[in-house]
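Here the structure comes first, spelled out in structure tokens, and everything after it is commentary.
Below, each value reflects all heavy atoms present in this structure, side chains not excepted, and no hydrogens, waters or symmetry copies. From a predicted model like this one, the values you see are computed outputs, not experimental measurements.
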Amino acid sequence: MIGTTRLIAALAFPLALSGCVTGADYSRKEAGFASVANKTAIVTAKETVWIQNQNQARSAAAQVKSLLARTKPLDVETAVQIALLNNKGLQAAYADLGDSAADAWQSTMFINPTVSIGTTGIGTPELQAFKTIEGMITTNILALATKNKDIAIADTRFRQAQLIAAVKTLQVAADTRRAFIGAVASWENVGQLQHAQATADAASELAEKLGETGAMAKGAQAREHVFVAELAGETAKARLSARLAKEELTRLMGLWGSDLDYQVPNSLPPLPKSVVRRDTIEAEALRDRIDLQIAKLDLEATARSYGLTEATRYVSDLEILTGFETEREIEDDEKKTRTTAQVELEFAIPIFDTGKARMRKSELVYMRAANLLAEKAVNVRSEARSAYEAYRSNYDIARHYRNSVVPLRTKVEEESLLTYNGMISNTFELLTDTRDKINSTLLSVNAKRDFWLAEADLAPAIYGGGATKASAETEVAAASESSAGGGH
């Protein structure tokens, strides 16, 4: 009994060093997702879900079909909501969040000890006069002593993973909003070209009839016909561009099969009467940009890792061996048993490796994280200023085309038609004025599109998620690495 008591006490010693830690919060299937959903809902005013079983998948699919059925044509807010419910890349990002939670949960668990048991004896079992039973349990005492530091690092990385998932959510929302604007603007261009095509077709037919009567020369007729042909080519190119733009929107919303029959509006909304003033956009971005918060947590985790390296600078592997030894002897036909407990400590002697190289590496990693954070802060301020400048300037440009350029081109075309009907001007001049009117109209549509895109970029500039797809994936990967129209 005495040996057993000593063995239990020896085993309890390393457990006491580690403190009392629970992984209950990390063990939940949706650990950390509530923070992601709440943070993104403030920006998007939309719901997002983490699908982890068939019932949740069926519920999300039914919600998507309901949104598509009751919104015809599709509007931008519905498109964003569908993407947040149905985008599979977003679900993959949430799986990464779960992976980080599992890592944090794992950090709270004790390292399994190594158990060994053996026997030694002399003679056969029937004639054996002496027998020894040995048992040994090996535990890495250094890992237990630094357990709280490891848990703190894992928790920081888990909080960082929540922010990365939030950035991905905002990125999907912003990309969907931009794709919707691009698709609608493309179909508006198609509509303008089709309207011009109808006018050009009528002029071409008239020219052909005039040519039959000899009232129009063959050269003038050819100008009419080539204008129609060129316009048909431009319309076909615009229609292709619109279909591809709609496909981009479809991909972001994760739609396929019968769900592809959705429609988008034929034109963008008109310009607002005035723009929103954002005099404090830099301060807002510094306070609310989630990718900046990720960089701060990266620095925090690096600092904690630096502290752990410093704590284990000289001794990087320390093990405690606890065990027992039972001896049994037979003397004068009488059995005697003696059990003893033993505790051994094993560690590497830092004769050659004093830990200076590991310390230097940790210092450089910390300096790198600190400078990246400083660079991120500078870039965030600049991106916020640029976003507002683009928003404000594109509004003025679009309004200029709407109020000045298009009305003047319309007036020129009307006057040219009057002089043409009065046989004062020739067909070539009329065609030139008509072509210029079409170009100005398309430029006006594109200017309006650029304004709405700039307006859509304001929120990402303040909260995050506004990077291009490639750069955003690179940024998320770097952060992860540091943890280890109707009818259309």
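For the 3.5 Å distance criterion, the side chains of Thr235 and Arg239 fail to qualify, holding no donor opposite an acceptor. With 3.5 Å as the limit, one finds no donor-acceptor pair spanning the side chains of Gln162 and Arg159. Defined by atom type and a distance below 3.5 Å, a donor-acceptor pair is missing between the side-chain atoms of Asp103 and Ser100. Counting only N and O atoms by type, the side chains of Asn86 and Asp259 include no donor and acceptor under 3.5 Å apart.
Here the side chain of Ser186 pairs a donor or acceptor atom with the backbone of Gly182 at under 3.5 angstrom. Between the side chain of Thr250 and the backbone N or O of Lys246 there is at least one donor-acceptor pair closer than 3.5 Å. Tyr262 places no side-chain N or O within 3.5 Å of a backbone atom of Lys72 that could act as its donor or acceptor partner. Ser107 contributes a side-chain N or O that, together with a main-chain N or O of Ala104, makes up a donor-acceptor pair within less than 3.5 Å. Side chain of Thr108 to backbone of Trp105: a donor-acceptor contact under 3.5 angstrom is found. Judged by distance alone, the side chain of Arg177 and the main-chain N or O of Val76 form no donor-acceptor pair under 3.5 Å. Listed for the Asn87 side chain is a donor-acceptor partner under 3.5 Å among the backbone atoms of Leu252.
Salt-bridge annotation for Glu188 and Arg449: absent, with no side-chain N of the basic residue lying under 4.0 Å from a carboxylate O of the acidic one.
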*asked:* Pair Gln192, Leu442 - check side chain to side chain contact (heavy atoms under 4.5 Å, CB included), show working.
replied: CA-CA 7 Å; Gln192 293 293 341; Leu442 295 178; 4.0 Å; yes

*Given Leu255 and Leu249, is the side chain to side chain contact (heavy atoms under 4.5 Å, CB included) satisfied, shown in steps?*
CA-CA 9 Å; Leu255 301 179; Leu249 176 62; over 6 Å; no

*So Ile82 and Leu74, side chain to side chain contact (heavy atoms under 4.5 Å, CB included) or not? Walk me through it.*
CA-CA 10 Å; Ile82 290 174; Leu74 195 68; 4.1 Å; yes

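In terms of heavy atoms, Leu268 sits closest to Val184 at N-CG1, 3.5 Å.
Side chains of Thr48 and Phe33 form a contact here, defined as non-hydrogen atoms less than 4.5 Å apart. Here the side chains of Ser386 and Tyr391 are not in contact, with every heavy-atom distance at 4.5 Å or above. Contact annotation: the side chain of Thr169 approaches that of Tyr94 to within less than 4.5 Å [non-hydrogen atoms, C-beta and beyond]. By the 4.5 Å heavy-atom criterion applied to side chains, Lys65 and Ser258 are counted as neighbours. Side chains of Trp187 and Pro265 form no contact here, defined as non-hydrogen atoms less than 4.5 Å apart.
Once rounded to the nearest 0.5 Å, the distance linking CG of Asp457 with CD1 of Ile462 reads 11.5 Å.
Exactly one residue among Arg58, Glu47, Gln81 makes a side-chain hydrogen bond (donor to acceptor under 3.5 Å, both in side chains) with Gln63. That residue is Glu47.
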Could you tabulate the donor-acceptor pairs under 3.5 Å formed by side-chain atoms of residues 37-46, not counting sequence neighbours?
unit_1	atom_1	unit_2	atom_2	d
Asn38	ND2	Ala34	O	3.1
Thr40	OG1	Val36	O	2.9
Thr40	OG1	Ala37	O	3.2
Thr44	OG1	Thr40	O	2.9
Thr44	OG1	Lys46	N	3.2
Lys46	NZ	Thr44	O	3.2
Lys46	NZ	Glu77	OE1	2.5

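In this structure, the side-chain contact (heavy atoms from CB on, under 4.5 Å) partners of Gln52, at least two apart in sequence or on a different chain, are Lys29, Glu30, Trp50, Gln56.
Within the structure, the side chain to side chain donor-acceptor pair (under 3.5 Å) test picks out the following pairs touching residues 273-284 (sequence neighbours left out): Arg277-Asp279, Arg278-Glu284, Thr280-Glu284, Glu282-Arg381, Glu282-Arg385.
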